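Index from 1, following the sequence. Remember, it's a predicted structure, so these values are computed and weren't measured experimentally. Heavy-atom basis, side chains included; hydrogens, waters and symmetry copies ignored.
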Amino acid sequence: MASGAGVTAYAAGDADDAGAPRAERPADTQSVALSDAGTVAKRDTAPFSSVSLTWQRSDAALPGTAQIRTRDAGSGEWSGWRSLGEEAEAGAEGREAAEAGLRGSTDLTWTGASDGVEARFVRDDGSTADALPAGMTLELIDPGTKASTEAAGAADCNPPTSPLDPAPGSPVAAPPVIDRAAWGANQNLECPPSYGTTVDAVVVHHTATTNSYTCAGAPAQLRAVQQAHLNQGWNDIGYNFLVDKCGRIYEGRGGGITQPVVGAHDVGFNTGTVGIAYLGDTTTAKPSRAVQDAIARIAAWKLGQFGHDPESSATLVSGADHVDSLYQKGQSVTLPRIFRHLDTFKTACPGTNLKGKVGLIRSLAGAPGAGHALATSDYNRDGRGDLLAGVPRDGTGAVAVVPGGADGPVAGSRKKLTQASSGVPGASEAGDAWGTAPTWGDVNGDGRADLIVGAPGEDDGTRTDTGAVTLLYGPDFNSGAGFTQIPEEMLAGGRWGTALTAGDYNGDGYDDFFSLAAGSGMAATVIGGPDVGNGIQGRSLIDGAVDHADATSGDFNRDGYADVAVNYRDTNGKGRVIWLKGTAHGLDHVGTLTTPGGRSVAAGDINGDGYADLAIGQPYTAESGAYAGGQVTAVYGSAAGLGTSRTVLHQASASVPGTAESGDAMGASVAVGDVNLDGYADVLTGTPGEDITRSGNRSNAGASILLRGASGGLTGSGSQAFSQDTSGVPGSTETDDRVGSAATLTDFSGWARTDLAIGAEGENAYDGTILQLDSGSSGVSPAGVYYGRTELGTAAGTRVGAMLAP
């Protein structure tokens with residue numbers, strides 16, 4: 001693919017969730033000079049949200065620490081004293097260094113919405129005699145809600161250089177990038193961008209700024225970082241690209257993302273490199289797998305433009321002198337093609353929790369399928385995942401889409417879609433079961449989640465129940481395609497669309513989707529991209545009809561291609577799981593796992609080793625040899641894919657809540673996601689057959705159990721159970737509610753942690769409901785939200801909560 005393909009501009013969302021009052025306003029900076037004694041008397045200010053300290057020369061070291069107090073713009077309360085960050089790293093190249101008049105600076109400190117400040121300087125030796133650097137100034141930055149209109153940048157510009165014409169293509173697909181206009185970059189800069197002739201290496205950074213932002217508020221963080229860099233006299237923001245904690249990619253320094261733009265991120269090594277920064281401080285935060293994938297995707301694409309293997313080495317020559325540089329001007333050094341800032345500069349960057357992941361990022365960038373689409377469940381690209389429920393029993397079938405929000409899914413903005421909705425292909429007919437097995441996938445590569453829906457009861461001409469699949473493009477879902485053109489032998493009674501999953505199986509930058517026809521045992525893969533639907537790959541996967549079909553996608557062997565695991569019960573009643581491996585030409589059939597199948601499957605990195613693992617829900621002993629009451633089995637990925645390494649947990653396992661009883665059906669649903677951002681994916685599983693005693697026995701009231709991921713794999717340690725008897729969980733425990741009939745772990749609020757959504761298909765005489773619980777820094781909050789018929793607009797008796805997208 002040409003290097004420019006797949007580069008899309010769109011609104012990023014800008015909640016300004018930690019910033020100054022939300023009135024429409026441009027980014028701005030107030031400068032407050034410190035006295036000779038290093039103080040600022042308590043004073044009122046215009047609104048600001050972050051602070052840095054600058055001084056006249058970047059080569060003058062601070063003899064101590066600046067401390068500030070700020071006044072909360074909402075409450076009027078003054079904070080305690082806090083130290084401003086360490087001295088910001090020098091990023092300027094060559095003649096942009098200290099001799100060009102660049103100011104020294106501390107890292108940016110986020111204060112939240114403030115309207116008053118006080119400052120003092122505390123010397124390292126406790127003395128008052130040491131002279132302070134000249135020109136010490138507090139820069140009070142308001143990121144605003146849009147770009148600054150002030151002219152900015154260094155007055156002393158670098159000599160003009162020209163971009164490459166044309167920019168070289170790359171064998172790796174370009175990832176979706178949020179451009180500068182979308183996040184509100186100051187484009188009114190005095191100096192034009194500078195260009196090199198090649199990209200020989202990638203430098204990984206973190207911005208060392210706050211982690212306390214939602215991804216909807218990331219644009220405000222970016223504007224603050226740019227303002228801080230401009231306040232130092234830099235030409236622009238220093239990094240070429242930035243990645244927020246949800247894995248969304250932003251264009252940083254201007255000049256064109258397909259070009260070898262000279263950044264200001266690693267003094268002496270800016271020319272010929274790309275600087276990619278995690279937006280936050282990884283001294284404390286653990287960047288998610290989505291972040292690592294995003295950094296790897298940019299690196300693979302940019303290095304591919306110039307023919308470099310991301311897992312090779314590069315010999316670089318320093319272009320500048322700096323007191324803290326490990327290599328002075330003219331010195332050469334051989335480094336990995338993707339390296340850490342600390343490899344060339346005296347710094348802790350990219351932080352404790354990211355520096356150890358750069359080796360994995362290098363491996364991901366060098367994988368054969370490195371151009372794969374980035375996973376998303378965010379259809380409107382606002383930095384929050386969205387809730388998707390299938391309701392195939394609602395008349396002719398429906399799906400309910402509830403967009404994520406600051407406090408979780410927003411029922412007032414929900415969309416109910418049927419085949420009678422505008423732009424939805426096909427016709428609404430009784431028995432279609434449209435809404436079966438709904439899933440998300442970025443099929444057109446624009447960074448937004450597209451909706452994929454099964455209709456196993458769809459008729460094709462004179463044949464009944466042949467099945468079909470519908471694709472609807474986000475964010476509007478009013479255009480897409482319907483797919484019924486599957487191999488002839490699987491048509492009559494095939495029920496294509498019974499099980500659905502999506503992933504980039506051929507590594508071309510577009511998600512594909514896989515569907516099983518439970519009535520015939522046949523399957524088909526639809527290859528995504530501009531020509532979606534022109535390349536349907538059908539196959540006879542299983543001999544005969546199957547029950548309890550489910551499917552999930554994950555890269556089990558870490559080759560960059562998404563794989564598929566298919567769960568089913570065969571004609572002999574035996575549960576099985578088939579592994580299909582992604583390749584450059586699509587899915588290859590590997591074989592059947594030795595681990596039995598069950599009723600549900602989900603994928604994620606449970607043990608944090610970089611390989612996707614498989615969670616199998618095995619609720620009934622007759623199907624899978626499961627423990628009484630059911631169980632969950634984690635099968636671990638490796639370089640060889642899914643093998644025999646596994647962990648089995650049930651309600652008789654240590655620390656797992658409850659008692660193992662026949663009929664509990666633990667494993668009827670499973671979902672995988674990192675609830676607490678510790679780097680290990682957790683597993684949420686349903687026990688819809690659980691009986692709960694409260695003023696009498698409530699049979700099949702149901703519950704869900706959250707099991708924890710860890711370096712040793714799935715563990716019962718720290719696990720939690722949730723039912724409608726749990727304080728704060730909406731509703732009340734009743735017979736046949738079947739809480740846990742479906743489960744999903746999705747980041748509905750944009751904090752990068754996954755939240756819980758639990759189906760209860762039997763609620764209110766099988767009207768059904770969804771119980772959504774937030775995760776936070778202190779754990780899962782049982783004070784949940786109830787999404788029933790009223791909130792979702794569904795019909796009576798249609799079992800809302802029976803099907804949730806992963």
Side-chain angles (χ1 to χ4, degrees), residues 1-9 90-97 99-102 147 151-175 177-183 185-203 205 226 229-230 232-242 249-277 298-308 314-320 329-330 332 337 344:
M1 177 179 293
S3 69
V7 180
T8 308
E93 173 74 32
R95 62 188 300 278
E96 295 181 7
E99 61 270 20
L102 294 188
D156 184 14
C157 300
N158 288 323
T161 54
S162 299
L164 301 183
D165 187 17
S170 176
V172 176
V177 176
I178 297 169
D179 68 14
R180 287 165 59 85
W183 62 261
N186 186 341
Q187 309 276 41
N188 190 19
L189 304 177
E190 296 183 7
C191 296
S194 298
Y195 299 96
T197 58
T198 185
V199 171
D200 290 324
V202 169
V203 190
H205 302 262
Q226 186 191 35
H229 288 184
L230 293 173
Q232 291 177 249
W234 295 14
N235 293 341
D236 194 353
I237 193 169
Y239 311 109
N240 300 97
F241 297 91
L242 298 98
I249 303 169
Y250 300 84
E251 177 185 11
R253 200 169 181 86
I257 63 174
T258 64
Q259 294 289 334
V261 176
V262 177
H265 58 92
D266 188 2
V267 77
F269 297 97
N270 288 305
T271 302
T273 66
V274 165
I276 306 172
I298 308 167
W301 169 52
K302 293 300 295 182
L303 291 172
Q305 284 187 280
F306 298 93
H308 298 308
T315 298
L316 307 176
V317 178
S318 175
K329 187 172 184 177
S332 65
R337 193 73 66 176
T344 56

Do the non-hydrogen side-chain atoms of D236 and H229 ever get within less than 4.5 Å of each other?
no
Do L164 and Y195 make a side-chain contact, defined as non-hydrogen atoms from C-beta onward lying under 4.5 Å apart?
no
Just how far is it from atom OH of Y239 to atom CZ of R253, taken to the nearest 0.5 Å?
11.5 Å
Specify the closest pair of heavy atoms between R180 and N186, including all atoms of both residues, with the distance to one decimal.
NH2-O, 3.4 Å
Roughly how far, to the nearest 0.5 Å, is NZ of K302 from CD1 of I276?
9.5 Å
Can you see which heavy atom on P168 is nearest to which on Q305, and at what distance?
O-NE2, 2.9 Å
Rounded distance [0.5 Å steps], SG in C157 versus CD in E190
7.0 Å
Please find the pair of heavy atoms, one from I178 and one from W183, that lie closest to each other, and give the distance.
O-CD1, 4.1 Å
Find out whether L242 and I237 are in side-chain contact, i.e. whether some heavy atom of one side chain is under 4.5 Å from a heavy atom of the other.
yes
Between atom CG of N270 and atom OG of S194, what is the distance when rounded to the nearest 0.5 Å?
10.0 Å
Side chain to side chain donor-acceptor pair (under 3.5 Å) with T315: which residues, sequence neighbours excluded?
T334
Scanning both residues in full, the closest heavy-atom pair of P171 with G304 reads CD-O, 3.3 Å
Side chain to side chain donor-acceptor pair (under 3.5 Å) partners of H205, counting only residues at least two apart:
H265, H341
Does the side chain to side chain contact (heavy atoms under 4.5 Å, CB included) test come out yes or no for T273 and D266, once each step is laid out?
CA-CA 9 Å; T273 66; D266 188 2; 5.6 Å; no
Nearest heavy-atom neighbours spanning W301 and V172:
CD1-O, 3.3 Å
Any chance you could lay out the side chain to side chain contact (heavy atoms under 4.5 Å, CB included) test for D179 and I257, step after step, and finish with the verdict?
CA-CA 9 Å; D179 68 14; I257 63 174; over 6 Å; no
Those residues that, when tested against T198, pass side chain to side chain donor-acceptor pair (under 3.5 Å) (two or more places apart):
D200
Contact check, side chains of R337 and L303, non-hydrogen atoms, under 4.5 Å
yes
In terms of heavy-atom contacts, G256 and V261 come closest through O-CG2, 3.5 Å
